[in-house]
Amino acid sequence: MPRPSVTRRNFLKGTLTSLGALASPAMSGLNAAARRLTRHLPWYKQPATITYNYCDICPWRCGIIVSSVEGRVVKIDGNPNDPKSRGRLCARGQAGVSYMYDPDRLKQPLIRTGERGEGKFRTATWEEALDYTAEKLLAIKDKYGPESVAFLGHTSGDFWFTDYFAQAWGSPNASKPSMSLCTSPREEAATLTIGRAIGNHEPVDWDQARCVVLLGTHIGEDARNTMMQDLANARENGAKLIVIDPRYSSVAMKADVWLQIKPGTDTALLLAWMNVLITENLIDSDFIARWTVGFDELAAHVADKTPEWAAAITEIPADQIRATARMFGEARPASVIVPGRHVVWYGNDTQRMRAVYMVTALVGGHGRPGGQFFNKTPFLEAYPHPPFQVAGSSGGCGAAPGEESDTLSPGPTGKVRADGVRERFLRGATAMQELIEPMITGVPYPIKGLVTYGSNLLHTIPNVPRTIEALKALDFVLTIDILPQDHVAWSDVVFPEATYLERHDELWGCGHKTPYVTMREPAVPPLYDTKPGWWMARELGLRVGLDSYFAWQTAEEYIDRRLSSLGLNLTKLHEQGGVMVQKGKPYLTDFEADGTSPFGTASGKVELYSEALAAAGHAPLPDYEPTPDGPAGFFRLLYGRSPVHTFSRTQNTPALNQLMAENAVWVNDATAAELGFADGERVWLENQDGVRSGPVPVKATPRIRKDCVYMVHGFGHNTPDMKLAHGKGASDAMLQTRYALDPISGGAGMRVNFVKLVKGS
Ligand SMILES: Nc1nc2c(c(=O)[nH]1)N[C@H]1C(S)=C(S)[C@@H](COP(=O)(O)OP(=O)(O)OC[C@H]3O[C@@H](n4cnc5c(=O)[nH]c(N)nc54)[C@H](O)[C@@H]3O)O[C@H]1N2
Ligand SMILES: Nc1nc2c(c(=O)[nH]1)N[C@H]1C(S)=C(S)[C@@H](COP(=O)(O)OP(=O)(O)OC[C@H]3O[C@@H](n4cnc5c(=O)[nH]c(N)nc54)[C@H](O)[C@@H]3O)O[C@H]1N2
Ligand code: SF4
Ligand SMILES: [Mo]
């Protein structure tokens with residue numbers, strides 16, 4: 001095949017996608033090209049069967065085309081019809097084949113025989129495992145009420161348990177890590193400030209942006225496929241890029257300006273930016289007058305928050321603060337701070353996120369070309385079912401924009417969620433980490449049963465010793481997973497699930513610039529004795545008296561009924577390429593012409609000053625709150641993503657393990673030299689509470705500040721059953737024995753832990 005010539009466009013895309021390593025060829029006719037290539041490979045003995053799906057290797061859910069030959073999946077490509085993948089995938093998406101054929105997968109239902117945590121099980125039939133589970137759950141319900149079973153879940157099939165089953169069963173204690181361990185502060189700040197949630201797809205109008213700011217979000221290492229494409233395009237179109245990170249990240253290398261901020265001081269920087277924008281009149285006064293409330297209070301609040309004031313806090317020179325504020329203001333209104341995704345940092349995170357949206361508001365960037373647009377949610381009717389026992393959903397990446405994920409709706413016996421909302425934090429989706437304590441203490445009421453679907457409890461929730469204590473204390477633990485991850489050993493029953501390539505599943509549609517609906521159909525039948533999540537939820541539902549919620553017999557029947565509201569069914573959707581793109585109003589609403597407010601706040605405007613926060617006893621305008629430094633000799637522990645792994649999910653995937661088998665600890669090179677650590681030397685990390693993880697090699701580099709160290713999340717697996725991942729690298733979760741609870745959103749700020757380096761392999 002002739003190589004495409006290297007134009008500036010290709011080069012830029014190439015460099016960006018190479019951050020994500022191995023991204024697919026950058027061309028829209030990918031599938032045809034891929035098929036032409038693969039036709040000649042030895043395994044390609046007959047035409048491939050094509051199935052449509054959406055990738056489940058990370059929560060982004062790119063549309064994919066799966067090719068299988070003789071009952072074996074051979075290749076995954078991006079679906080060109082899909083607005084997220086646009087025909088391309090990241091390295092992880094392509095490794096889905098390797099993920100599915102991981103020989104260490106869970107293969108049969110298991111029932112515990114040894115002590116919890118020992119990992120001793122016997123195999124069981126589905127019939128036996130389901131009956132036993134139903135009996136245990138009903139016993140808890142009879143004794144304590146349905147609220148005493150918690151449902152924790154992630155990955156795309158979590159809908160069946162964390163949403164559908166939990167609500168039908170009647171537990172308000174259902175939660176996803178994608179909220180309080182990820183986006184809660186961003187969502188609550190958006191709801192408080194602009195009256196709309198952000199949702200799965202960050203609504204940044206990359207196409208027209210002229211100045212983009214990445215504040216502690218590292219697109220490229222955080223390999224969200226569409227975001228990498230969008231950023232490459234925006235740069236090609238001449239958008240300025242400002243990156244703020246204590247670390248010279250891959251994307252910082254691509255920036256016009258990189259501000260090496262002191263960790264935890266971002267709110268001071270944002271306040272100083274507002275000071276410059278206002279004092280130098282780099283604001284959109286018409287937008288502010290018409291569409292915001294509280295500007296005068298804000299102007300007074302930031303009057304003394306000068307660049308010099310912020311320089312002393314952030315350790316960024318004042319002239320750089322001033323210059324970047326000007327760069328941002330001069331591009332108005334096509335200027336935007338990307339909301340970021342993992343925003344639980346230091347505990348005061350909702351206030352920082354409010355400041356983020358306020359900076360964008362000052363330049364008139366909300367709902368304007370090149371700013372932050374308003375997502376549109378696709379139309380799709382629900383499958384009809386009796387009213388749920390508990391209203392509201394657990395929230396999560398799939399929560400529709402504008403949908404209020406907060407719920408104080410009680411369960412059938414009158415108990416509201418046990419996570420301390422309204423007592424220890426103000427609002428938001430159920431906080432996953434706050435459901436652990438009641439499992440141990442029984443306060444405010446006992447949680448005795450736990451159903452975990454597709455969430456890696458011991459790598460996901462900070463304070464691992466506490467989670468283990470909770471797992472010991474529970475009456476019953478059901479785990480649904482595809483791999484024998486560390487928490488599986490703590491279960492009473494294990495349901496092995498078929499992967500996304502082997503099952504039908506709920507349709508996927510999220511708030512997006514282009515609303516769309518996409519489907520999942522199996523490429524091959526389930527391997528081993530594994531089953532799809534929808535089947536397990538239904539079989540369990542029938543056994544615990546929830547028959548009326550599971551009127552459908554098969555997933556196809558359920559999906560066809562939903563698709564009928566679009567004049568489609570699975571066969572037709574397959575025939576049209578697996579994706580249904582919906583039309584709607586322009587994504588940048590015409591609110592300025594017709595005067596209809598797009599802002600769902602009480603005032604119908606962007607609330608710079610928040611009466612709602614003031615009334616609840618919180619600061620109505622964001623303040624800079626210092627985060628305490630660590631003990632002498634310790635470094636703040638920062639963490640993030642690798643382009644070739646998802647969380648703690650893919651370390652055992654052969655194709656990805658080959659690319660990165662362990663993590664390293666980034667240490668400033670001068671500091672490493674002072675301490676006597678050579679580059680590549682193996683060290684243990686020991687935190688402020690004496691917990692150790694490792695050993696890992698030192699990456700001695702000038703790319704990080706002296707007061708912190710950095711590592712990729714998700715390594716340090718204990719279980720010998722995951723042979724490739726076992727014992728490799730260090731676990732950031734283990735080292736996060738502490739977290740700071742965000743008093744507004746219930747988010748768990750995890751960057752409040754400190755480590756020292758200890759010699760020894
Ligand atoms: N220390 C630390 N903690 C963090 C983070 C961090 O960076 N550091 N990041 C936070 C963020 S942003 C998020 S979104 C969360 C992510 O939290 P999780 O989603 O819990 O993280 P994963 O490690 O991907 O765990 C997914 C689990 O689902 C299983 N699984 C995969 N596919 C399937 C499937 O098809 N069916 C079933 N039943 N199971 C499946 C995997 O084997 C694994 O056990 O973690 C949060 N917690
Ligand atoms: N390859 C890959 N991509 C992913 C995922 C994955 O597992 N793998 N997970 C997806 C999910 S669910 C999420 S939530 C996102 C997360 O992706 P992001 O939202 O990009 O967040 P992090 O990965 O936590 O990035 C942390 C960055 O913040 C910097 N940082 C640390 N402390 C501070 C600070 O105080 N101030 C500032 N300004 N910066 C700081 C770190 O150096 C690091 O570069 O990634 C998504 N994309
Ligand atoms: S970004 Fe990569 S891993 Fe995530 S859904 Fe898309 S292709 Fe899959
Ligand atoms: Mo996340």
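As the structure lists them, so they are numbered: ligands from 1, and atoms in each ligand from 1. Computed over heavy atoms, backbone and side chain alike; hydrogens, waters and symmetry mates excluded.
A side chain to side chain contact (heavy atoms under 4.5 Å, CB included) with Arg352 is found for one member of Asp742, Leu269, Thr267 and no other, namely Thr267. For the salt bridge (Lys or Arg N to Asp or Glu O under 4.0 Å) with Lys262, the lone residue among Asp707, Asp245, Asp629 that qualifies is Asp629.
Of the candidates His645, Glu202, Arg751, Glu221, the one placing a heavy atom closest to atom 31 (C) of ligand 2 is Arg751. When the heavy-atom distances from atom 40 (C) of ligand 2 to Cys708, Ser178, Pro246 are ranked, the shortest goes to Pro246. Of the candidates Ile57, Ile704, Asp266, Leu269, the one placing a heavy atom closest to atom 36 (N) of ligand 2 is Asp266.
Of the N and O atoms on the side chains of Glu497 and Tyr453, at least one donor lies less than 3.5 Å from an acceptor on the other residue. Judged purely by distance below 3.5 Å, without hydrogens or angles, the side chains of Glu187 and Ser184 never pair a donor atom with an acceptor atom. At a cut-off of 3.5 Å, with distance as the only test, no side-chain donor of His201 or Asn375 sits close to an acceptor on the other residue. Side chains of Asn233 and Gln229: a donor-acceptor N/O pair is absent below 3.5 angstrom, by distance only.
Annotation for ligand 2: atoms under 4.0 Å from non-hydrogen atoms of Thr217 are 18 (P), 19 (O), 20 (O). The distance from ligand 2 to the heavy atoms of Arg247 drops below 4.0 Å at these ligand atoms: 42 (O), 43 (C), 44 (O). Here is the list of ligand 2 atoms found below 4.0 Å of a heavy atom in Thr646: 6 (C), 7 (O), 8 (N). Which parts of ligand 3 touch Leu89 is read off a 4.0 Å heavy-atom cut-off, strictly below it: atoms 7 (S). Near Cys182, with a cut-off below 4.0 Å to any heavy atom, the atoms of ligand 2 are 14 (S). Below 4.0 Å from some heavy atom of Leu638 lie the following atoms of ligand 2, by number and element: 31 (C), 32 (N). The ligand atoms of ligand 3 that sit less than 4.0 angstrom from a heavy atom of Ala223 are 1 (S). With ligand atoms numbered from 1 in the order given, ligand 2 contributes 37 (C), 38 (N), 39 (N) to contacts under 4.0 Å with heavy atoms of Ile244.
With a 4.0 Å heavy-atom cut-off, ligand 3 is reached by no atom of Ser85. Looking at Asp222 against ligand 2, both its backbone and its side chain come within 4.0 Å, counting heavy atoms. Only the backbone of Pro643 comes within contact range of ligand 2, with a heavy atom under 4.0 Å; no side-chain atom does. At a 4.0 Å heavy-atom cut-off, ligand 3 touches Arg61 through the backbone alone.
The aromatic rings of His645 and Phe715 sit perpendicular to each other, their planes meeting at more than 60°, with 30° as the lower class boundary. In this pair, Phe647 and His154 present their aromatic rings tilted. The plane angle is within the 30 to 60° band.
Among the atoms of Pro263, none of the N or O lies under 3.5 angstrom from an N or O of ligand 2. Of the N or O atoms in Lys262, none lie within a sub-3.5 Å distance of an N or O in ligand 2. Taking distance alone, with nitrogen or oxygen atoms compared against 3.5 Å, Gly216 approaches ligand 2 more closely than that limit. The distance criterion of under 3.5 Å between nitrogen or oxygen atoms is not met by Leu215 with respect to ligand 2. By the 3.5 Å distance cut-off applied to N or O atoms, Ser249 is not counted among the residues near ligand 2.
Looking at Lys176 and Met432, their side chains never come closer than 4.5 Å, going by heavy atoms from C-beta outward. Residues Pro462 and Arg738 fail the side-chain proximity criterion, which asks for heavy atoms closer than 4.5 Å.
For the pair Arg92 and ligand 2, a heavy-atom separation below 4.0 Å is found. Taking a 4.0 Å cut-off on heavy atoms, Ser642 registers as neighbouring ligand 2. Ligand 2 does not have His713 within reach: every non-hydrogen atom of the residue lies 4.0 Å or more from it. Ligand 2 lies less than 4.0 angstrom from a heavy atom belonging to Tyr346.
The aromatic ring centres of His342 and Tyr639 sit less than 6.0 Å apart.
When distances to atom 4 (Fe) of ligand 3 are checked against a cut-off of 2.8 Å, Cys58 contributes an N, O or S atom below that limit.
In this structure, the protein non-hydrogen atom closest to atom 2 (Fe) of ligand 3 is Cys90 SG, 2.4 Å. From the protein, the heavy atom lying nearest to atom 6 (Fe) of ligand 3 is Cys62 SG, 2.3 Å.
Formation of a donor-acceptor pair under 3.5 Å by the Tyr739 side chain with backbone atoms of Ile461 is not found in this model. Judged purely by atom type and a 3.5 angstrom limit, Asn663 uses its side chain to pair as donor or acceptor with the backbone of Val712.
Remark: Lys240 NZ is loosely packed, at most 12 non-hydrogen atoms of other residues, nucleotides or ligands lying under 6.0 Å away.
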